[in-house]
Amino acid sequence: MATTAFAQLDPPSRMLLGPGPSTPHPRVLAALAAPTLGHLDPQFLEYMDDIQRLLREAFRTQNALTFAVSGTGSAGMEACLVNVLERGERVLVGENGVFGGRIAEIAERLGCDVTRVHAPFGEALDLDRMRDAIRETKPKLVAVVHAETSTGVLQSIPEISEAARSVGALTLVDCVTSLGGVPVELDAWQVDLAYSGTQKCLSCPPGLAPVTFSERAVAALRARKSKVSSWYLDASLLLNYWGGERAYHHTAPINMLYALREALLVLREEGFDAAFARHRACHESLMAGLMAMGLGSPVAPRDRMPQLNAISIPAGADDLAVRKALLRDYGIEIGGGLGALKGRIWRVGLMGHGASRSNVSAFLSALEEVLVRAGVAVERGRAAHAAASVWPYDK
Ligand SMILES: *Cc1c(COP(=O)(O)O)cnc(C)c1O
């Protein structure tokens, strides 16, 4: 019998500076390797309670129905939509990037009547247009993306949730890339449903989607005329496991939940405000370095998020060749553009544990070297100093 030799698993070490996954924190990787418990083990149930408490703290909400969906961020997106929407209901989606488009696509698949309010990729949603559309369509749900990872744009939420409330609509916010990187204030902003993902600013591998439902969202779930079309994502069934009864629904991904718990503890120990400030410092340092090199971002400064930086690809640079050289020669992964920004931007993520001064400095010097080697006209030898000169923690 022929035998096939498979190489032993030995992934190369990479600096993950793309749009996600980001580099997990070492404590999180260690937590993954802890002994697996049964999903009804009393010790594990305690960990689940901890996770719910820690997630409420991270989302800044009192929502009882706060837990982690078994699946990536998109599963969290689908879970929120499938639980509160029924066929034929009106949904309004702000679409200024790929992820807003994904929300609209899922709502359409649920048979909803979807209105999209567009803004060009790279710009925030126009608040007046959002308000007008909300008043005109009076939807059941208004959905927007807080941090559009496909473009690097951060969206202001309170104006939108206020307009939604005024017509009795629920507000859903995608917090996949925002949670842990910039302030998220769900209760203060009166957001009814939100979801996130573990692999962006939570310093955790991909695999879980934190979600939270306000009392209004739970009331919408209870008032449904039809059953939730997804059995796996039905929050009323999941609640029986995450809530009091501890009834088996599906086997919880035990070790991923250890990882999430550890990641949330790491974040809490640093302090939320300190983590946000660190992301901001890395962003400003990166931008100063890029500007000194003669590069820039297509996103207006007021709309930029710190954890995902869109860089305009300079004239003469080959998008793919530069990304390949960064990976091959420096072990650095960055992202390309999506949709309307494909071939026009690079996306540099400084997320969670990956948001560090050493990563900013390593990336700037590698990028400069790769561009110079490719014959692209950039200012040489200035980026490192520019990046260091705005680093706030030296002063
Ligand atoms: C990454 C991301 C998602 C999707 O998450 P997956 O984990 O890839 O399923 C959704 N929304 C935003 C804003 C994201 O950045």
Side-chain angles (χ1 to χ4, degrees), residues 16-24 28 58-59 68-82 93-107 109 116 119 121-125 143-157 160 171-184 186 191 193-212 230 232-233 253 256-257 259-260 263 279 299 303-310 333-341 345-352 354-355:
L16 297 178
L17 302 185
S22 62
T23 302
V28 172
F59 275 130
V69 168
S70 307
T72 64
S74 306
M77 182 190 287
E78 194 137 15
C80 289
L81 294 165
V82 77
V93 182
E95 185 177 346
N96 58 339
V98 167
F99 295 106
R102 187 174 296 181
I103 294 174
E105 164 76 21
I106 294 174
R109 286 176 183 228
R116 301 170 190 235
F121 279 29
E123 291 180 22
L125 297 165
V144 291
V145 177
H146 187 205
E148 240 311 342
T149 324
S150 64
T151 65
V153 169
L154 189 67
Q155 180 66 46
S156 180
I157 303 299
I160 294 169
T171 302
L172 165 65
V173 178
D174 175 320
C175 297
V176 175
T177 290
S178 56
L179 195 67
V182 290
V184 169
L186 293 187
V191 170
L193 296 126
Y195 57 90
S196 189
T198 42
Q199 79 275 27
K200 310 274 168 101
C201 294
L202 295 180
S203 313
C204 203
L208 289 173
V211 297
T212 185
S230 166
Y232 197 76
L233 299 175
M256 263 313 293
L257 287 160
L260 174 59
H279 281 88
V299 178
D303 293 332
R304 287 177 195 163
M305 64 168 104
Q307 63 274 54
L308 192 285
N309 300 274
E333 177 180 284
I334 65 166
L338 293 178
L341 294 175
I345 59 166
W346 289 312
R347 292 182 300 151
V348 178
L350 295 166
M351 299 181 180

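Order of listing sets the numbers, starting from 1, for every ligand and every atom in it.
- Considering both main-chain and side-chain atoms, Tyr195 never comes within under 3.5 Å of ligand 1 through any nitrogen or oxygen pair.
- Judged purely by atom type and a 3.5 angstrom limit, Gln307 has no side-chain atom pairing as donor or acceptor with the backbone of His279.
- Among all protein heavy atoms, the one lying closest to atom 10 (C) of ligand 1 is Phe99 CD2, 3.3 Å.
- Met351 pairs in a side-chain contact (heavy atoms from CB on, under 4.5 Å) with only one of the listed residues (Leu16, Thr149, Thr23), which is Thr149.
- From Asp174, atom CG reaches atom CD of Glu148 across 7.5 Å, with rounding to the nearest 0.5 Å.
- In Thr72, the parts holding a heavy atom less than 4.0 Å from any atom of ligand 1 are both the side chain and the backbone.
- Ligand 1 has no N or O atom lying under 3.5 Å from any N or O atom of Glu148, backbone or side chain.
- When non-hydrogen atoms are compared, ligand 1 lies under 4.0 Å from the side chain of Gln199 (C-beta onward) but not from its backbone.
- Scanning the protein heavy atoms around atom 11 (N) of ligand 1, the nearest turns out to be Asp174 OD2, 2.6 Å.
- The shortest N/O to N/O separation between Gly73 and ligand 1 falls below 3.5 Å.
- Distance alone, capped at 3.5 Å, places no donor-acceptor pair between the Thr72 side chain and the Gly207 backbone.
- Under the side chain to side chain contact (heavy atoms under 4.5 Å, CB included) criterion, Ala263 pairs with Val28, Cys204, sequence neighbours left out.
- For the side chain to side chain donor-acceptor pair (under 3.5 Å) test, residues two or more places apart in sequence or in another chain that qualify with Arg116 are Glu95, Glu108.
- Not a single heavy atom of Pro206 sits less than 4.0 Å from an atom of ligand 1.
- When non-hydrogen atoms are compared, ligand 1 lies under 4.0 Å from the backbone of Ala147 (N, CA, C, O) but not from its side chain.
- Between the side chain of Ser196 and the backbone N or O of Cys175 there is at least one donor-acceptor pair closer than 3.5 Å.
- Ligand 1 has no nitrogen or oxygen under 3.5 angstrom from a nitrogen or oxygen of Arg102.
- If you check which protein heavy atom lies closest to atom 14 (C) of ligand 1, you get Lys200 NZ, 3.0 Å.
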